[in-house]
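Remarks on the structure that follows.
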Amino acid sequence: MSELPKNYEAAGVEAKWYAKWLEEKAFNAQPDPKKEPWTIVIPPPNVTGILHMGHALNNTIQDVLIRWQRMQGKNALWVPGTDHAGIATQNVVERKLAKEGKSRHDLSRDEFLKEVWAWKEEYGSTIVNQLKKLGSSCDWDRERFTMDEGLSKAVHEVFCRLYDKGLIYRGNRIINWCSRCTTALSDEESEHVETEGALYYIRYAVKDEKRKITVATTRPETMLGDVAVAVSPRDKRYADLVGKTLILPILGREIPVVADEFVDPNFGTGCVKVTPAHDPNDFEIGLRHKLEPINVMTDHGIMNEAAGTYAGMDRFECRKQLIEDLKHGGLIEKIDKHMHSVGHCYRCSTVVEPRLSPQWFVNMKPLAKPAIEAVRDGRIKFVPERWTKVYLDWMENIRDWCISRQIWWGHRIPVFYCDACSHQWAAREVPGSCPVCGVKDIRQDEDVLDTWFSSWLWPFSVFGWPEQTADLKHFYPTNTIATAPEILFFWVARMIMAGLEFMDEIPFDTVYFHGTVRDDQGRKMSKSLGNSIDPLGIIEKYSADALRFSLMMLTATGQDVYVNDEKFELGRNFCTKIWNAARFMQMNASCEGPLDPEKIDFSKMTLSPDDQHILAKLSEAVRNTEDNLARHRFNDAALAMYDFMWHHYCDWYVEYSKGVFRGGDMQRKMEVEQVMHYVFSNAIRLLHPFIPFITEELWHGMGYNISSDSIQTAPWPKALSYEDLNVWGVQRETVDYVDAKHDLIRVGRTLRTDYNLTPKQQAKFYIRPAQERTGKILHKDVASVALLLGAESIEIDRDFTPDGTMPSGISQLGTVYMSIEGLVNTAAEIAKLKKQIEVVENGITGISKKLSNANFVSRAPADVVAGEEKRKGELLEKREKLQKLIETLST
RNA sequence: GGGCGUUUAGCUCAGUUGGUUAGAGCGCUACCUUCACACGGUAGAAGUCACAGGUUCGAGUCCUGUAACGCCCACCA
């Protein structure tokens, strides 16, 4: 035990312990058949990522869970890693190249990939290091990267299995195209944003007639790719037009009028332009009517040669120009404002272009089926539960997953083509020749896979799958996955499908969805808004423990978390409070040598009521904390500990102990000291998962590191029942008495405040106990009451008759009277008592009304009725006492 | 268009199977630099539980409807 410095220096302490933990491999776990495994796999942050508050929240939750399980003796493993984040990372490196005046096309594919790997080597560990600052107890020896050799092997294996099963196919379909990233996106990667656009009404002429019909569109530039106009087969207005020919404005192309069920005659004009290459519905119409799609744009969203004179224009520039030209020709009927949701690239926010394109897809329906079952039958639980429905709705309407991306950074699609014999096949390893005709000149598909095609395998690929490793056998399935609801579809749903398909087993049993971290105005934190709070800044300013504890106090299950800088003072202040409580104990230490908290035994001691009380409250706090942790109620768990440490231990027990330490009873001092060390050492163990650094520092600083060198390996506190506590002589009755004593002290303190007594002014108090028995107990306990009350002296007397001017207050244990020289304020005292009577009377009226209600008496449960009756009796008694007091004062 | 969430003190939020007088943190008021802690202590003020109905002996809590804000999903041009 070394003397604790007056101020806690978080930065140095945190760095010191994290380094020590790493050195001692405190977070490492190996398969061990004797121990129960408990596993979390991290949602791998992007290698391009820097730690934001969302990460801080997400990882604090995981760390609390894993440290808790580890302390309980489980074989706890938290597997860390990062995601290669295909598009995001490629964008970062492309921007870097752009600064050097280069594009990736100035480099060969291999050269470019070398650049990306070099970037990854240099910056890829940024977020990992930041996670360490937070205190994350990951097994860093197991750190994985989604493009590692092992994980790539898993990707290839999965691709080949699905390909051979026929669940992966290549199709020419309308996909979401980002013309800035020049790649296809999955449906999930296209973010719909409600946008004010326009609905343009354009006139198309009927061939050889004077008639014109009007079509409405939000994307007029796509008319250059129109191949027909569709009307509803039930629409009488246009019945005679079906089969006739229209002249497409500007281009003058002849296009037919077709009848199709898709058209809603009540929307717009009832005529729909059909552009099969740029709209999914139109594509379907095109198929039904055997119309050849015309693509009018390049990969970069530039109009192509099919756009005639508009070729070379950007799509939005073209839109503007085209509308101008149509206006000139008198072909615009009107332009209406129109709200609609428009897809945007989730990586660069560019407006997504629906576009016909040959891509690779996974047929998801067969994979979804068992994944729906696993959640429906409760093998996998969602917390909060409401996400179950969101999941099931999506899964039941699941659509095929577009997995090919036209970028270079990622897992290259393991499909090979032989041009000699037109053979196409998927292979786990790059083949040397065509397995059919033996030709060596084969080529691999140019595209790479969606990033999520590697992350959906994460819970088993990190353990070496497809090899049947010991790790995999021991640690899979994992237990809890903690994540934000934003990636329910991207990641969680797909992991469940992959786990069941490839492991034949769920990947985890619990999914905990936490909220989004927002600023104090409720806005999502984002770089563009500039409202982000940097967790590292908070760590620097307040400490990692403060950051963690504050976040946990603020995290109601599944609710969004609103933060500003000041919110983190909560955790900082709490840490300071704990620190000072420890210093207090050191300053009053009388035992020589350190105390082993695991060897403290109270069975041979006579515990005072306050000793018994704090021991009982500790067990209550342990129970509350565990219950709440088990239910993922992190805020309630944090609050239970906070309340115990601050409002029970510091406010009452430490204050009580001062009386003992200032007295001369050496035996008592030793006893109280042992109670303090027992309680404090258990409390910091309980707190360790939340605030790992300061608790480890105190574990050592207080000299508790005798049986367990680290707090991490110390036994987890036990929630003792009264039966257990009785071994030490703890009685429930006595504990209740101390609660009542606290109440009595509060009543006395209120009197002091009401009469403006300064702490130095000592008043004389008289207590008239409500019962003979309590009188006797109070007598024995009078010293502690006097100290906590700041009383000069206390007289306890069943027959005490107050002087008419004495202010008084009523508590459960008895009536408290205060006497101080020259203190006369009868009028104020009477007014105060009258106010109290009013409150009591309100209560009596309420209860009387209830009790006189025959329905209540007959229908409410007996114990509720009895409780009400008891309560009424108490209130009546209290009213009587108050009235008597008023009478005494009035005479 | 469909679904979900939120609405409780000045602010941010708890409030579990319906049951005493609805709680916390911050802020506010008064007093206190007392010997662990002013990042502190003691005491206190502060609420029409969004609104309207209903169920019930009893509703912040359950049901129906309304409103506001937020989120997710969706191929009506």
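Since we're looking at a predicted model, the values are computed, not measured. Residue numbers begin at 1 in each chain, while the letters A, B, ... track the order of the sequences.
- Looking only at distances, a side-chain donor or acceptor of A/W579 sits under 3.5 Å from a matching main-chain atom of A/P5.
- A residue-by-residue look at A/C650 and A/T750 shows that A/C650 has its nearest nucleotide of RNA chain B further toward the 5' end.
- Judged by distance alone with a 3.5 Å cut-off, no donor-acceptor contact links the side chain of A/T753 to the base of B/A30.
- Atom CG of A/L789 and atom P of B/G41 are 19 Å apart (whole Å).
- An OP1 or OP2 oxygen of B/U20 is reached within less than 4.0 angstrom by no side-chain nitrogen or oxygen of A/K872.
- Counting only heavy atoms from C-beta on, A/N635 has its side chain closest to B/A14 among B/A77, B/A74, B/A14.
- The separation of B/A30 from B/G47, taken at their C1' atoms, amounts to 22 Å, rounded to a whole angstrom.
- When the P atom of B/A14 is taken as reference, atom CG of A/N628 falls 14 Å away, rounded to whole Å.
- Proximity note for A/F489 (side chain, C-beta onward) versus B/G40, B/C72, B/A24: the nearest is B/C72.
- Taking atom C1' in both B/G23 and B/U16, one finds a spacing of 14 Å when rounded to whole Å.
- Taking only distance into account, the side chain of A/R386 never meets the base of B/C4 through a donor-acceptor pair shorter than 3.5 Å.
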- Query: Going through the checks in order, is the side-chain contact (heavy atoms from CB on, under 4.5 Å) test met by A/Y204 and A/V229?
  - Reply: CA-CA 9 Å; A/Y204 287 22; A/V229 164; 3.6 Å; yes

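- Atom CD of A/E569 is separated from atom C1' of B/A38 by 13 Å (rounded to the nearest Å).
- Separating the CZ atom of A/F262 from the C1' atom of B/C76 is a distance of 5 Å, rounded to the nearest angstrom.
- If you check the side chains of A/D187 and A/N176, you find a donor sitting under 3.5 Å from an acceptor.
- Mapping A/K389 and A/T576 onto RNA chain B via the closest heavy atom, the residue that lands nearer the 5' end is A/K389.
- Between A/K577 atom NZ and B/C39 atom P the separation is 12 Å, expressed in whole Å.
- Only one option out of A/T214, A/I202, A/I213 pairs with A/T269 in a side chain to side chain contact (heavy atoms under 4.5 Å, CB included); it is A/T214.
- Out of B/U42, B/G25, B/U16, the shortest distance to the side chain of A/R633 is found at B/U16.
- Judged by distance alone, the side chains of A/K741 and A/S784 do bring a donor and an acceptor atom under 3.5 Å apart.
- Each of B/G44, B/A77, B/G41 was ranked by its minimum atom distance to the side chain of A/V263; first place goes to B/A77.
- A straight line from CH2 of A/W646 to C1' of B/A24 spans 13 Å, rounded to a whole angstrom.
- Between the NE2 atom of A/H514 and the P atom of B/C13 there is a distance of 17 Å, given to the nearest Å.
- With sequence neighbours excluded, the residues that form a ring-ring contact (aromatic ring centres under 6.0 Å, His included) with A/Y346 are A/F490.
- Note on A/R749: every side-chain N or O is 4.0 Å or more away from OP1 and OP2 of B/C31.
- Residue side chain A/R746 does not reach the base of B/U42 through any donor-acceptor N/O pair under 3.5 Å, judged by distance alone.
- Nearest nucleotide to the A/N281 side chain, out of B/A14, B/C75, B/A74: B/C75.
- The gap from the P atom of B/C26 to that of B/G70 amounts to 30 Å, rounded to the nearest Å.
- Within the structure, a side-chain polar atom (N or O) of A/N573 is placed less than 4.0 Å from OP1 or OP2 of B/G40.
- Going from atom CE of A/M223 over to atom NE2 of A/H278 covers 13.0 Å, rounded to the nearest 0.5 Å.
- The nucleotide whose nearest atom lies closest to any side-chain atom of A/K6 is, among B/A77, B/G25, B/C37, B/C37.
- Here the side chains of A/L639 and A/N635 are not in contact, with every heavy-atom distance at 4.5 Å or above.
- Contact annotation: A/H647 side-chain N/O to B/G25 OP1/OP2 distance is under 4.0 Å.
- Taken together, the paired segments of RNA chain B that extend over three or more consecutive Watson-Crick or G-U pairs, each closer than 3.5 Å at both contacts, are B:1-7 with B:67-73, B:10-13 with B:23-26, B:28-32 with B:40-44, B:50-54 with B:62-66.
- Counting non-hydrogen atoms of other residues, nucleotides and ligands closer than 6.0 Å to CD of A/Q812 gives a total of 12 or fewer.
- Spacing of C1' atoms, B/G1 relative to B/U20, comes out at 48 Å, to the nearest Å.
- Between A/E566 atom CD and B/G10 atom P the separation is 20 Å, expressed in whole Å.
- Taking the P atom of each, B/G60 and B/U48 are spaced 14 Å apart, rounded to whole Å.
- The side chain of A/W652 contributes no N or O atom lying less than 4.0 Å from OP1 or OP2 of B/U42.
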